[in-house]
Amino acid sequence: MAESLSPVRVRFAPSPTGHLHIGGARTALYNYLLARKTGGQFILRIEDTDRKRYVPGAEEEIIRGLRWLGLEWDEGPDKGGPYGPYRQSQRKEIYQQYARQLIEEGKAYYCFCSPQRLEAVRQGQLSRKESPHYDGTCRRLNPDEAQARASAGEPHVIRFKTPQEGTTTVTDLLRGEISVENRVLDDYILVKSDGLALYHLAAAVDDHLMKITHVIRGSEWLPTFPLHGLIHRAFGWEEPVWVHLSVFLKPSGKGKMSKRESAELIKDGYSIFIKDLQSLGYLPEAVVNWIALMGWSYDDHTEFFTMTDLIEKFSLERLNPAPAAINFTKFDHFNGLHIRHLSVDELAVRVKPFLTEKGYTVSDEILLKVTPLIQERLHTLDEAPEIAGFFFVDEVQPAVEELIVKDMSIHQSYELAERILQILRDLPDMKLSTAEPAMRQLVEETGLKPAQVFGLVRVAVTGQKVSPPLFESMEIIGKEKVIHRMEKAVALLKRMAEQAATQA
RNA sequence: GCCCCCAUCGUCUAGGGGACCAGGACGCAGCCCUUUCAAGGCUAAAACGGGGGUUCGAAUCCCCCUGGGGGCACCA
């Protein structure tokens with residue numbers, strides 16, 4: 001494999017205009033994996049040349065999200081590096097210098113057209129059903145004259161002088177050669193009137209200066225990909241290996257997730273935003289595993305991957321160019337898999353905040369005993385309070401109707417509960433090894449079904465119809481509390497039975 | 001409207017001319033295990049969008065159609 005031989009330099013270059021989502025995270029992941037696999041560098045570059053769309057705090061959120069996922073970079077705005085600065089807003093002069101070079105070489109030109117005129121041109125083209133593009137007015141200007149006007153301070157942008165004839169062919173690693181006729185390409189703006197470069201120029205310059213060997217980015221760049229090739233060639237730079245990742249589609253597979261749909265997902269306990277995932281009970285390990293497999297595969301059967309596995313096994317060759325619909329139920333599945341893969345100690349650490357957040361007072365000693373019991377029952381960490389909250393309270397509040405045993409009357413249930421209580425009281429302790437045989441013996445003697453007897457105990461002791469294994473739970477709760485909870489259930493049933501009798 | 005990309009079970013995918021009456025996974029259904037719920041095991045249903053070629057032979061190569069997606073900003 002070629003990429004395993006030479007170290008790559010790759011970058012994740014988000015713009016701080018919104019939340020880091022799973023699509024961006026997956027792009028970052030693939031870049032990271034390739035860097036780690038080859039012993040190269042993974043660079044974080046902030047593409048903040050558009051101050052109008054800049055969202056305060058977005059950069060911090062990206063950084064936090066990447067770190068949570070375990071995607072640490074080697075060079076970036078917060079830690080520097082030999083090719084900094086790594087924030088494009090701080091590289092304005094660099095881009096201007098390269099733009100000037102293109103102008104001097106006749107490969108770019110000043111454009112003085114106002115946004116209003118441009119809009120009018122566009123509308124005219126649209127109404128004539130032509131594809132909107134710059135009409136080339138300033139392209140025909142005398143260069144010296146244009147230089148003079150620009151130097152005099154007349155507002156202007158700098159446009160790339162796209163060849164008007166012939167075709168441009170660029171090569172994407174996953175798709176092969178992509179050709180477009182140059183006449184359908186526009187004279188794209190390279191530098192805005194505020195003097196800041198647009199993506200096309202900034203990214204090309206940075207990728208060159210930062211010695212990026214592989215550009216792995218989203219497929220939204222495919223339409224302007226030929227332009228990027230053209231820019232590199234105009235400078236005479238060697239092109240990086242270009243890899244355009246497929247997009248993520250909404251679960252139905254019909255189109256991209258809209259802003260509103262993304263926001264509404266959280267109602268169902270899901271999110272495409274990395275910032276939401278932790279509190280929703282997801283493990284970063286699971287997120288990584290899940291997104292790695294949307295657009296990449298290792299073989300025809302391996303699906304469980306740790307980061308270490310991925311670093312070892314990842315390869316660009318196995319990337320899939322087809323769009324992928326997001327599958328959240330599979331996400332849950334991976335989360336369960338990784339929860340079960342954690343050590344008990346580690347899982348306890350991760351579960352604890354979800355318990356305390358719900359108001360439970362959690363002793364580590366008990367938590368460590370409880371964790372093995374819930375480990376294979378959890379799909380997301382936030383399910384822990386619901387499943388295991390009863391371990392961390394003094395009393396439980398069973399619903400009276402749930403205490404009534406299946407196929408038995410209230411009175412019969414009461415009598416059974418009374419008998420269970422007596423047996424439990426007589427036990428020397430409340431161990432799995434003592435309580436279970438005692439209860440099984442009762443089942444034997446009464447001829448009842450195990451589910452009937454155990455069900456009553458379960459509701460009385462845990463307050464729930466569904467719980468972790470009963471006798472293990474009782475051992476953790478301890479004899480004193482178990483007896484207390486059982487007494488309460490007996491009292492409850494007794495009252496109910498008496499009520500029923502008087503009504504009859 | 002123009003340009004570009006993509007196309008295997010509902011979804012994620014394996015498959016890169018014969019090994020495919022197409023394999024795995026999620027989900028779904030059934031069964032086993034079982035004190036509940038899980039987890040685990042087993043079984044089932046479920047796909048090569050259509051049409052032309054090329055070839056002795058196509059899911060695999062080519063073309064067209066269709067469908068889907070993305071883009072056409074002084075956003076990235």
Side-chain angles (χ1 to χ4, degrees), chain A residues 13-18 47-50 52-53 88 111 113-115 118-119 122 125-126 128-133 155-159 172 174-175 178-181 184-186 188-196 198-200 202-203 217-226 244 246-247 249 251-256 290 293-304 318 320-334 336 340 373-379 387 436 439-440 443 449-459 462 464-471:
Chain A
S15 76
T17 53
E47 311 227 321
D48 57 348
T49 53
D50 185 1
K52 285 194 294 293
R53 292 206 311 156
Q88 289 188 329
C111 173
C113 297
S114 70
L118 260 18
E119 186 53 32
R122 198 175 4 255
Q125 289 163 336
L126 249 23
R128 272 172 275 132
K129 298 201 166 170
E130 292 169 16
S131 58
H133 61 275
H156 63 271
V157 300
I158 298 174
R159 286 184 185 272
D172 173 81
L174 310 182
R175 285 159 259 254
I178 295 171
S179 296
V180 285
E181 295 186 46
V184 305
L185 260 25
D186 212 342
Y188 294 92
I189 293 173
L190 262 21
V191 178
K192 294 179 280 185
S193 55
D194 65 3
L196 255 167
L198 241 28
Y199 174 88
H200 310 299
R217 50 157 38 168
S219 63
E220 66 269 23
W221 294 112
L222 238 23
T224 42
F225 179 24
H244 293 89
S246 62
V247 291
L249 271 22
S252 64
K254 305 286 181 202
K256 282 208 296 188
W290 178 52
L293 256 19
M294 284 195 272
W296 177 83
S297 64
Y298 176 61
D299 58 19
D300 64 350
H301 64 279
T302 314
E303 292 222 309
F304 182 88
R318 297 199 60 88
N320 182 347
I326 299 166
N327 185 343
F328 286 107
T329 53
K330 193 142 189 175
F331 186 20
D332 285 335
H333 171 252
F334 277 123
R340 275 167 260 140
L373 262 37
I374 63 173
Q375 185 156 25
E376 63 193 25
R377 270 156 260 267
L378 289 175
H379 301 100
I387 297 176
E436 182 169 7
M439 284 298 109
R440 293 220 181 261
V443 167
K449 293 193 181 95
Q452 291 177 299
V453 176
F454 297 166
L456 175 53
V457 181
R458 185 187 312 282
V459 173
T462 72
Q464 305 169 180
K465 283 172 86 169
V466 173
S467 81
L470 182 57
F471 298 106

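Residue numbers begin at 1 in each chain, while the letters A, B, ... track the order of the sequences.
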Do you know which two heavy atoms are closest between [X] and [Y], and how far apart they sit?
X: A/Gln375; Y: A/Arg340; value: NE2-O, 3.6 Å
X: A/Ser467; Y: A/Arg458; value: OG-NH1, 2.8 Å
X: A/Arg53; Y: A/Thr17; value: O-CG2, 3.4 Å

[atom1] atom, [N] versus [M]: distance in rounded Å?
N: B/G15; M: B/G53; atom1: C1'; result: 23 Å
N: B/A22; M: B/G50; atom1: P; result: 15 Å
N: B/G49; M: B/C6; atom1: P; result: 15 Å
N: B/C63; M: B/A7; atom1: P; result: 13 Å
N: B/G51; M: B/A39; atom1: P; result: 42 Å
N: B/C4; M: B/A46; atom1: P; result: 39 Å
N: B/C26; M: B/U43; atom1: P; result: 14 Å
N: B/G30; M: B/C37; atom1: P; result: 13 Å

With a 4.0 Å cut-off on heavy atoms, is [X] in touch with a base, just the backbone sugar-phosphate, or nothing at all?
X: A/Asp172; value: nothing
X: A/Leu293; value: sugar-phosphate
X: A/Ser297; value: sugar-phosphate
X: A/Gly336; value: nothing
X: A/Arg340; value: sugar-phosphate
X: A/Arg318; value: sugar-phosphate

Rounding to a whole Å, what distance do you find between [X]:[atom1] and [N]:[atom2]?
X: A/Arg128; N: B/C2; atom1: CZ; atom2: P; value: 16 Å
X: A/Trp290; N: B/U11; atom1: CH2; atom2: C1'; value: 12 Å
X: A/Asp332; N: B/A38; atom1: CG; atom2: C1'; value: 14 Å
X: A/Asn320; N: B/C48; atom1: CG; atom2: C1'; value: 15 Å
X: A/Gln375; N: B/A38; atom1: CD; atom2: C1'; value: 12 Å
X: A/Phe225; N: B/C6; atom1: CZ; atom2: P; value: 12 Å
X: A/Trp296; N: B/A14; atom1: CH2; atom2: C1'; value: 13 Å

Can you check whether [X] reaches [Y] side chain to side chain, under 4.5 Å on heavy atoms?
X: A/His333; Y: A/Trp290; answer: no
X: A/Pro226; Y: A/Leu185; answer: yes
X: A/Phe225; Y: A/Arg217; answer: yes

If we ignore hydrogens and angles and just use 3.5 Å, is the side chain of A/Arg318 paired with the main-chain N or O of A/Ser297 as donor and acceptor?
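Yes.
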Backbone N/O of A/Thr329 and side chain of A/Asn327: donor-acceptor pair under 3.5 Å:
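The answer is yes, because a donor-acceptor pair under 3.5 Å joins these two groups.
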Quick check: on RNA chain B, is the nucleotide nearest A/Ser252 upstream (toward 5') of the one nearest A/Leu126, or the reverse? Name the residue that is more 5'.
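Going by which nucleotide is closer to the 5' end, it is A/Leu126.
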5'-most by nearest nucleotide on RNA chain B - A/Val180 or A/Lys129:
A/Lys129
Pair partner, [N] [Watson-Crick or wobble, under 3.5 Å]:
N: B/A29; result: B/U43
N: B/A7; result: B/U66
N: B/C2; result: B/G71
N: B/C20; result: none
N: B/C61; result: B/G53

A/Glu47: which residues meet the side-chain hydrogen bond (donor to acceptor under 3.5 Å, both in side chains) condition with it, sequence neighbours left out?
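A/Glu47 satisfies side-chain hydrogen bond (donor to acceptor under 3.5 Å, both in side chains) with A/Arg45, A/Gln88 only.
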With sugar-phosphate taken as primed atoms, P, OP1 and OP2 and all else as base, the protein-contact string of nucleotides 17-32 of chain B at under 4.0 Å (heavy atoms; B, S, -) is ------BBBB------
Does the protein touch nucleotides 68-76 of chain B at the base, only the backbone, or not at all? Give it as B, S and - per nucleotide, heavy atoms under 4.0 Å.
-SBSSSBBB
Separation between CG of A/Leu198 and OG1 of A/Thr224, rounded to the nearest 0.5 Å:
10.5 Å
Given B/U35, B/C12, B/A38, the nucleotide with the shortest approach to the side chain of A/Ala325:
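The nucleotide sitting nearest to the side chain is B/C12.
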Is a salt bridge present between A/Glu303 and A/Lys330, judged by a nitrogen-to-oxygen distance below 4.0 Å?
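Salt bridge flag = yes for A/Lys330 with A/Glu303.
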Please indicate whether A/Phe328 has more than 12 foreign heavy atoms, meaning atoms of other residues, nucleotides or ligands, lying under 6.0 Å from its CZ.
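Above 12, so yes.
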